[in-house]
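Order of appearance sets the numbers: ligands from 1, and atoms from 1 within every ligand. Values below: all heavy atoms of this structure, side chains included; hydrogens, waters and symmetry mates excluded.
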Amino acid sequence: MKTNRLDIQPLPIGIFDSGLGGLSIWKEIHALLPNESTIYLADSKNAPYGEKTKEKIIEFSKKNTEYLLSKQCKLIVVACNTATTNAIKILRETYSVPFIGIEPAIKPAALQTKTNKIGVLATKGTLSSELFASTSEQFRSSKNIIEIEGNGLVTLIENGEIDATRPLLTQYLSPIVDEGVDYIVLGCTHYPFLIPIIKSIIPNHIKIIDSGEAVAKQTKNILEKNNLINESNNTFQNFETNGNIETFKSFLNQINVQGSSVKFNVF
Ligand code: DGL
């Protein structure tokens with residue numbers, strides 16, 4: 001029997017993070033590529049990655065990748081700055097699928113700053129990585145890049161306690177506002193969920209940027225280059241978590257995800 005191309009079950013894009021944060025990236029990918037199927041893996045049980053050793057981050061990243069590969073993912077988006085900056089090199093060396101990573105958006109901030117001072121809010125694991133050091137080094141001769149560790153923020157977000165991040169954010173951001181930064185780079189995929197609070201703490205003229213849109217564009221480019229764009233009408237959006245399903249669903253509500261093609265699983 002002849003197979004109708006449109007009936008073939010599409011191979012999904014796999015997306016993983018240490019938890020809920022990568023949903024901020026999933027949202028951008030789904031907006032740009034609505035005809036792609038996705039499997040989102042939230043390894044909330046092991047969050048925060050940012051306070052783990054490099055070896056542990058690599059171990060979790062491999063485990064997540066293998067899980068997604070077992071579900072036939074055609075491309076993997078590492079929707080986590082901490083996992084990208086510590087593990088993507090090894091992932092690319094170990095597995096043959098294309099990987100898209102995410103790094104703090106220092107370059108656009110460095111190109112646009114007028115005060116030549118930018119703040120980067122990220123996890124300890126990202127800020128201490130070699131990849132972050134080499135990327136930021138390119139701009140340090142002409143720009144003051146102020147690093148801020150967002151200790152404690154990911155755990156509060158994972159617990160759904162967004163409002164409780166306010167005192168920490170005030171403590172972390174006030175000094176860099178006083179220093180005169182005009183850009184704040186959100187170098188952790190959990191932090192876009194804090195943007196309303198961050199905006200209420202910093203003056204209006206300071207711009208906040210993250211890498212979500214750039215990652216979605218890069219995902220599209222790589223799918224096109226590798227002839228992996230989905231041609232089936234049969235798409236699905238699956239979300240899997242090893243954390244609290246109710247918190248997970250409340251974050252999906254925040255990014256307006258609903259519909260019959262959406263499924264949740266606990267792994
Ligand atoms: N979303 C991860 C990131 O982008 C959070 C890291 C963590 O689990 O500490 O870095």
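Closer than 4.0 angstrom to ligand 1 sit non-hydrogen atoms from D17, S18, P48, Y49, G50, C80, N81, T82, T123, V154, C188, T189, H190.
Judged as a side chain to side chain donor-acceptor pair (under 3.5 Å), and not counting sequence neighbours, the contacts of K56 are E59. Residues passing the side chain to side chain donor-acceptor pair (under 3.5 Å) test with T135 are E103, sequence neighbours excluded.
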Acceptor/donor pairs from residues 170-180 side chains to any protein atom, 3.5 angstrom cut, sequence neighbours excluded:
residue	atom	partner	partner atom	Å
T170	OG1	R166	O	2.8
Y172	OH	N151	O	2.5
S174	OG	T170	O	2.7

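Using bins of under 30°, 30° to 60° and over 60° for the plane-to-plane angle, the ring pair F99/Y95 lands in the tilted bin. Note on ring orientation: taking the six-membered ring where Trp is involved, the planes of Y40 and F248 are tilted (angle from 30° to 60°).
Using a distance-only test at 3.5 Å, with no hydrogens or angles considered, no donor-acceptor pair links the side chain of S211 to the main chain of I102.
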